[in-house]
2 protein chains.
Amino acid sequence: MAKKLAKSANSQKRVLDAAAKIFRDYGYAGTTMRAIADEADLQAGSIYYHYRSKDDLIGAVLDIGINAVIDTVRGAMESLPAESTGVERIETAIRAHLTAIIEIGDYTLATRRVFGQVPEAIRTKNLKLRDTYATMWREILLHAQQRGELRPDANLTLARLFILGALNWTVEWYKPGGRSIEEVAREFTAMVVSGLRDGAPAAAEPAAAPAAWPRARAGRRAL
Amino acid sequence: MAKKLAKSANSQKRVLDAAAKIFRDYGYAGTTMRAIADEADLQAGSIYYHYRSKDDLIGAVLDIGINAVIDTVRGAMESLPAESTGVERIETAIRAHLTAIIEIGDYTLATRRVFGQVPEAIRTKNLKLRDTYATMWREILLHAQQRGELRPDANLTLARLFILGALNWTVEWYKPGGRSIEEVAREFTAMVVSGLRDGAPAAAEPAAAPAAWPRARAGRRAL
DNA sequence: GAAATTTTCTAACTAGTGTTAGGTTTTCGC
DNA sequence: GCGAAAACCTAACACTAGTTAGAAAATTTC
């Protein structure tokens, strides 16, 4: 009971979701096909009807993990008005990235934790997608710097590595129900752009009208 | 040949180093006692003379990974003059943290990559050490804020999570021979304290005399 | 140098791994 | 309702895992 109901959902996605969750918790080698099958509510052998092998499965999970982030961030950037400032673009990218990795947290965490353990072939294929994403950020930061919004001597390569490192780490501590994603994004942008130092304006306040924000809203609760 | 020579080194540490390296590359479940033994140049069964089980081994690796960071940072903080500014203390902590995690990279990476996959009992034990370290950073940031060097409205909890997330991510991309640790630490401190924004002074220059910097130097080059 | 102790090796056991072939059930167009 | 296609299950295969007991080697002690 309730089994028939659960099975109704398209099982390919069920297997994929289960795989992401198990990979996230037990790593690449620690994940067994039987554990995935159990989570997806079918037998181990049946997985092979949907995926050719365990490597095929982890490859799919990895690709989904990054593509979701790429698509979300790209979408958010494209829906931004053309006259947006560089800092606005940075904050939008940060918020979009956070939204993506938290909403598909199983995949992101699986990606983060498993990537280093996966066979070489799968890793290199996935690395191309990662490069694509890195380039997006390179352009976002460079754009802001060329507009004169960032220090000319700021090392954008290091900045990008720091930002993405910190952002990706959020999946390890972020718990839904606590801080809102918008609040985290805002605070993070403030730190990256203005720093923690006293005296600097806390919020980013560029020339453009702040009414055009895609999703942000004023008055978030603390904690 | 050359075997006798290698064996001369105390084998307990040899096993431990090998374990850190293999755990780092293959994760918790992916690491086999035979692979560790191979790396340490002995037989799988012989490991059990030094460690009671695989879990015992990973526990030791995890503890070493964090204790090394804690000791290095604590040592650096204690050797700082009493009149150090809050920002000086932050930069020192950042540099010490970076130095530690890069110098014992195998252990740090193993810790980072394996922690989420390890049995519950081992994880909780290790978590206490992690809490100790978190508290150290809480105090460093709070100290700077109470001295008036950081914005009063800065969320120190988020700041700490961001900083440690970004710092811990460096082991994934830092390659010896490239940038120096000091350069990375300086640039990172500048971003955290002053932000990337143009107009803000790139270097931290609080009320105190800037001559007291431990190692930092003016005129940082770009890239 | 013999005895005692420490350290390592050998060979095996059990349990669990990814994967597969062939049979069963379910779904669906007609 | 029938037959074909899709989805799933069962039972097994070859292999590798952590671990162990006991023998062998290396080292230390006297």
Side-chain angles (χ1 to χ4, degrees), chain A residues 1-23 25-62 110 114 117-123, chain B residues 1-62 110 114 117-122:
Chain A
M1 25 237 83
K3 229 180 181 187
K4 277 281 146 60
L5 220 117
K7 291 256 190 161
S8 68
N10 137 313
S11 63
Q12 171 126 354
K13 177 164 169 47
R14 238 174 50 229
V15 169
L16 211 52
D17 286 347
K21 186 174 174 185
I22 305 293
F23 275 124
D25 286 341
Y26 300 99
Y28 174 71
T31 293
T32 70
M33 299 301 266
R34 287 166 177 86
I36 296 176
D38 215 55
E39 177 78 24
D41 196 24
L42 41 66
Q43 298 301 315
S46 308
I47 297 180
Y48 288 82
Y49 179 77
H50 300 284
Y51 295 92
R52 237 168 319 142
S53 66
K54 185 181 178 182
D55 285 1
D56 198 26
L57 239 184
I58 185 65
V61 170
L62 289 181
V114 147
Q117 306 161 16
V118 126
E120 188 68 20
I122 299 170
R123 192 161 44 217
Chain B
M1 28 233 71
K3 231 182 179 185
K4 277 281 147 61
L5 221 118
K7 291 255 192 162
S8 67
N10 136 313
S11 65
Q12 170 125 353
K13 177 162 170 49
R14 237 173 51 230
V15 169
L16 210 53
D17 286 347
K21 185 174 174 184
I22 305 293
F23 275 124
R24 152 172 80 82
D25 285 342
Y26 299 98
Y28 173 71
T31 292
T32 71
M33 300 301 267
R34 288 167 176 85
I36 296 176
D38 214 56
E39 177 78 24
D41 196 25
L42 42 65
Q43 297 301 315
S46 309
I47 297 180
Y48 288 82
Y49 179 78
H50 301 284
Y51 295 93
R52 236 168 321 142
S53 66
K54 186 182 178 182
D55 285 1
D56 198 26
L57 237 184
I58 185 65
V61 170
L62 288 182
V114 146
Q117 305 162 15
V118 126
E120 188 69 19
I122 300 170

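Computation of the quantities below employed the complete heavy-atom set of this structure, encompassing side-chain atoms and omitting hydrogens, waters and symmetry-equivalent molecules. Below, read A as the first sequence line, B as the second, and so on, with proteins coming before strands; counting in each chain starts at 1.
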| query | Between D/dC8, C/dC9, C/dG18, which nucleotide has the shortest distance from any of its atoms to the side chain of B/Q43? | reply | C/dC9
| said: Is the shortest side-chain heavy-atom distance between A/L16 and A/L57 below 4.5 Å? | reply: yes
| So which nucleotide from C/dT7, D/dT19, C/dC9 ends up closest to the side chain of B/S11? | C/dT7
| said: Can you measure A/Y26 atom OH to D/dA17 atom P for me and round it to whole angstrom units? | reply: 20 Å
| B/L42 CG to C/dC9 P: how many Å, rounded? | 5 Å
| said: Could you tell me if A/K54 sits above the aromatic ring of A/Y28, with its cationic atom closer than 6.0 Å to the ring centre and no more than 45 degrees from the axis? | reply: yes
| Roughly, in whole Å, what's the span from CD in B/Q12 to C1' in C/dT8? | 14 Å
| field | Side-chain donor/acceptor contact of A/R34 with base of C/dG16 under 3.5 Å | value | no
| message | Does either side chain, that of B/Y48 or that of B/D56, offer a donor lying less than 3.5 Å from an acceptor on the other one? | response | no
| Is the shortest distance from a Lys or Arg side-chain nitrogen in A/D25 or A/K21 to a carboxylate oxygen in the other one below 4.0 Å? | no
| request: Assess whether atom OH of A/Y26 is packed by more than 12 heavy atoms of other residues, nucleotides or ligands within 6.0 Å. | output: no
| task | Report the distance from atom CD1 of B/I47 to atom P of D/dA17, rounded to the nearest whole Å. | result | 12 Å
| said: Tell me whether the side-chain N/O atoms of B/S46 come closer than 4.0 Å to OP1 or OP2 in C/dT7. | reply: no
| task | Measure the distance from CE on B/M33 to P on C/dA15 and round it to the nearest whole Å. | result | 19 Å
| field | Length of the line joining B/Y49:OH and C/dT7:C1', which is rounded to integer Å | value | 5 Å
| Candidate nucleotides D/dG18, C/dT8, D/dT19, ranked by approach to the side chain of B/H50 - the nearest | C/dT8
| query | Atom OH of B/Y51 to atom P of C/dT8: distance rounded to whole Å? | reply | 12 Å
| query | Over how many whole Å does the gap from A/Y48 atom OH to D/dA11 atom C1' extend? | reply | 15 Å
| Among C/dT17, D/dG18, D/dC9, the nucleotide that comes nearest once only the side chain of A/T32 is considered | C/dT17
